[in-house]
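What follows is a set of notes on a single structure, which appears directly below.
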Amino acid sequence: MIRPCTLIFTILSAVCQFALAKPTSFQEHNFSIQLPEGWKAVEPLPPQTTAFVRSPDGSKGIIIMTLKVSPEKMATASQVASNEAKEAAIKAGCKIDNEKDITVNGVIFRTYTIRMTNGVSVVSYTGSAGTTCYAVQGFNNVADAGSDPDISASLKSFNLLVTPPKIPAETKTHKN
């Protein structure tokens with residue numbers, strides 16, 4: 001499971017780091033995403049981060065985390081990750097709004113906006129497919145991340161490279 005402290009740490013550290021280069025297709029994690037032109041990858045990547053890119057002026061960024069999950073836990077993996085991240089944000093004094101489910105290229109994401117006390121806005125998408133849980137966040141240091149056209153276009157371009165096989169219902173609900 002993506003740890004809520006890791007998510008908050010990654011977002012907070014994003015506000016202080018600068019970028020270098022960016023890929024747009026992640027074969028080993030079975031997804032692609034169109035990243036804004038001119039944005040650069042942050043290196044080294046924070047722990048548990050698949051990709052992290054920033055705008056040239058550093059005021060905006062996109063952070064992607066992936067996690068392999070056992071078939072038994074897939075039915076609730078993205079919901080648990082989303083709830084834990086929201087709880088950690090609330091404990092840190094952040095406000096959560098605009099919460100809803102959306103479908104992006106066949107993947108159902110739970111999305112919401114985190115408003116940090118320092119003025120940073122983060123739009124978060126958490127979803128799963130096959131045995132992978134995806135957390136994709138866009139942040140903006142000066143405006144609303146959820147309505148930022150660069151961030152919105154990127155998050156909505158998320159696409160699986162290969163449609164994973166369906167996990168049988170009996171596997172999803174199996175309890176240890």
Side-chain angles (χ1 to χ4, degrees), residues 1-69 74 77-78 80-82 84-86 88-89 94 102-114 116 120-164:
M1 198 53 48
I2 297 169
R3 296 177 162 253
C5 341
T6 300
L7 176 62
I8 294 300
F9 171 77
T10 301
I11 292 168
L12 292 175
S13 68
V15 176
C16 304
Q17 296 191 17
F18 294 96
L20 302 173
K22 69 168 174 42
T24 58
S25 184
F26 302 87
Q27 296 289 332
E28 70 181 275
H29 301 288
N30 190 34
F31 78 97
S32 66
I33 189 167
Q34 184 61 48
L35 300 170
E37 188 174 330
W39 287 28
K40 306 290 182 189
V42 171
E43 298 200 11
L45 287 173
Q48 295 185 323
T49 304
T50 302
F52 179 3
V53 296
R54 289 191 71 140
S55 62
D57 69 358
S59 68
K60 302 187 273 188
I62 296 172
I63 300 164
I64 305 166
M65 292 173 269
T66 57
L67 179 69
K68 288 290 185 190
V69 180
M74 275 313 294
S78 64
V80 169
S82 179
E84 287 179 355
K86 286 190 309 186
C94 303
I102 65 167
T103 301
V104 177
N105 295 315
V107 178
I108 299 170
F109 286 96
R110 184 69 176 163
T111 182
Y112 52 87
T113 302
I114 301 170
M116 298 179 156
V120 174
S121 169
V122 179
V123 62
S124 179
Y125 285 41
T126 307
S128 59
T131 56
T132 304
C133 185
Y134 300 95
V136 186
Q137 291 89 26
F139 70 87
N140 189 316
N141 294 342
V142 295
D144 178 45
S147 60
D148 181 280
D150 290 328
I151 292 171
S152 182
S154 283
L155 298 180
K156 291 178 180 172
S157 75
F158 180 94
N159 200 26
L160 296 174
L161 299 175
V162 176
T163 303

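The structure displayed is predicted, hence computed values, not measured ones.
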> Going through the distances and angles, do T113 and D144 end up as a side-chain contact (heavy atoms from CB on, under 4.5 Å)?
Replying inline: CA-CA 9 Å; T113 302; D144 178 45; 4.0 Å; yes

>> Let's go through T132 and L67 carefully: what are the C-alpha distance in whole Å and the side-chain angles of both, what is the deciding distance for side-chain contact (heavy atoms from CB on, under 4.5 Å) to 0.1 Å, and is it a yes or a no?
In response: CA-CA 6 Å; T132 304; L67 179 69; over 6 Å; no

> side-chain contact (heavy atoms from CB on, under 4.5 Å) between I102 and Y125: does it pass, once the steps are laid out?
Replying inline: CA-CA 9 Å; I102 65 167; Y125 285 41; 3.2 Å; yes

>> Determine whether W39 and D150 satisfy the following criterion, side-chain contact (heavy atoms from CB on, under 4.5 Å), listing intermediate values before the conclusion.
In response: CA-CA 10 Å; W39 287 28; D150 290 328; 3.9 Å; yes

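Across V104 and K156, no two heavy atoms sit closer than the pair CG1-O, 3.3 Å. In this structure, L161 and S32 approach most closely via the heavy-atom pair CD2-CB, 3.8 Å. Here the closest heavy-atom approach between residue G130 and residue P164 is recorded as N-CG, 3.3 Å. Residues P56 and G38 come closest through the heavy atom pair CG-O, 3.6 Å. Between S154 and P36, the closest heavy-atom pair is OG-CD, 3.0 Å. Listed here is the closest heavy atom pair of C133 and S128: CA-CB, 4.1 Å.
Looking at T126, its side chain never comes within 3.5 Å of a backbone N or O of S78 through a donor-acceptor pair.
Inter-residue side-chain proximity for I64 and T49 is flagged as unmet; no heavy-atom pair is nearer than 4.5 Å. Two residues are said to be in side-chain contact when any heavy atoms from C-beta on lie closer than 4.5 Å; V122 and M116 meet this criterion. Inter-residue side-chain proximity for N140 and V120 is flagged as unmet; no heavy-atom pair is nearer than 4.5 Å.
For the atom pair CD1 of I63 and CZ of F52, the computed distance is 4.5 Å after rounding to the nearest 0.5 Å. The CG atom of N141 lies 8.0 Å from the OG atom of S55; values are rounded to the nearest 0.5 Å. Atoms OG and CZ, on S124 and F139 in that order, are 13.5 Å from each other to the nearest 0.5 Å. Between the CD1 atom of I33 and the CG atom of N159 there is a distance of 10.0 Å, given to the nearest 0.5 Å. Separation of atoms CD (Q137) and CE (M65) is listed at 4.0 Å; rounding is to 0.5 Å.
Note that K86 lies in the cation-pi zone of Y112, set by a 6.0 Å cut-off to the ring centre and a 45° limit from the axis.
Between Y134 and F158, the ring center distance clears the sub-6.0 Å criterion.
Side-chain N/O atoms of T50 and T66 include a donor and acceptor closer than 3.5 Å.
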